[in-house]
Structure formats: C-alpha cells, structure tokens
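Side-chain atoms are counted along with the backbone in the values below, which use heavy atoms only and exclude waters and symmetry mates.
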Amino acid sequence: RDLFEQVRLDSVMKLGDWSRAQQFLETRRANDADGVPVNRMLAKTYANLGLPKESVKAAARADTTLARTLARHGAGRRIEA
C-alpha cells in the first residue's frame, strides 16, 4: 500500500498538482511529523503553492531532524535523507 501511495505522490508532484500533493503529504506527516523526506517534499510543495513561511517551517523541521540524527549517530556516517 505504501509503495502505491509513494508512486501516486511522485506522479502528482511531477504533474505539478501542488494542492493534491499537499493533501497527500500532510496525511503522511500526521504519521511522521519530523520525517526528513516528507518535510523536504512539503517545503517544495509549499514553495510551489506560494506559501513561503510554511515552506521555511517544513525545511527547518527536516534540517532539525537531520542534524539531530547526525549528532546522535556521528557526523562521519552517511544518513539518507
């Protein structure tokens, strides 16, 4: 099921249907509020919707989570984001 949703989200974003992408991503974020991938995609989506404040907030959530993960696991280890 998740794979289908990921393919669907990817298609929606590639088509530039930013309102629908926002809906999908907000649903995903409800289950993974600080997730790096979902917040990076939300930042892009918000930017394309003309919502710069929300875009900055989503990017900051992703950056904070990534920094926290790097601090916990060491900066020398590659973390997929």
For residues 56-63, tabulate all N or O donor-acceptor pairs below 3.5 Å that involve a side-chain atom, not counting sequence neighbours.
unit_1: Arg61; atom_1: NE; unit_2: Asn39; atom_2: OD1; d: 2.7
unit_1: Arg61; atom_1: NH2; unit_2: Asn39; atom_2: OD1; d: 2.9

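- Not counting sequence neighbours, the partners of Glu26 by the side-chain contact (heavy atoms from CB on, under 4.5 Å) test are Gln22, Arg29, Leu42, Tyr46.
- Here CZ of Arg20 is found 14.0 Å from CE of Met13. Values are rounded to the nearest 0.5 Å.
- From Glu54, atom CD reaches atom CG of Leu49 across 9.5 Å, with rounding to the nearest 0.5 Å.
- For the residue pair Ser55 and Ala43, the shortest heavy atom distance occurs at OG-O, 2.8 Å.
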Exercise for the section: Under the side-chain contact (heavy atoms from CB on, under 4.5 Å) rule, what do Val12 and Gln23 come out as? Steps first, then yes or no, please. Expected result: CA-CA 11 Å; Val12 166; Gln23 292 172 350; over 6 Å; no

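- Under the 4.5 Å side-chain heavy-atom criterion for ILVMFWY residues, no single connected hydrophobic cluster contains both Val36 and Val38.
- Expressed to the nearest 0.5 Å, how far CG of Asp17 lies from CG of Asn48 amounts to 11.5 Å.
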Practice task
Evaluate the side-chain contact (heavy atoms from CB on, under 4.5 Å) criterion for residues Glu5 and Thr27: first the C-alpha distance (whole Å), next the side-chain angles of each, then the deciding distance (0.1 Å), finally the verdict.
Solution key: CA-CA 11 Å; Glu5 290 176 7; Thr27 299; over 6 Å; no

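- With sequence neighbours left out, the salt bridge (Lys or Arg N to Asp or Glu O under 4.0 Å) criterion links Lys14 to Asp10.
- With sequence neighbours left out, Asp32 forms a side chain to side chain donor-acceptor pair (under 3.5 Å) with no residue at all.
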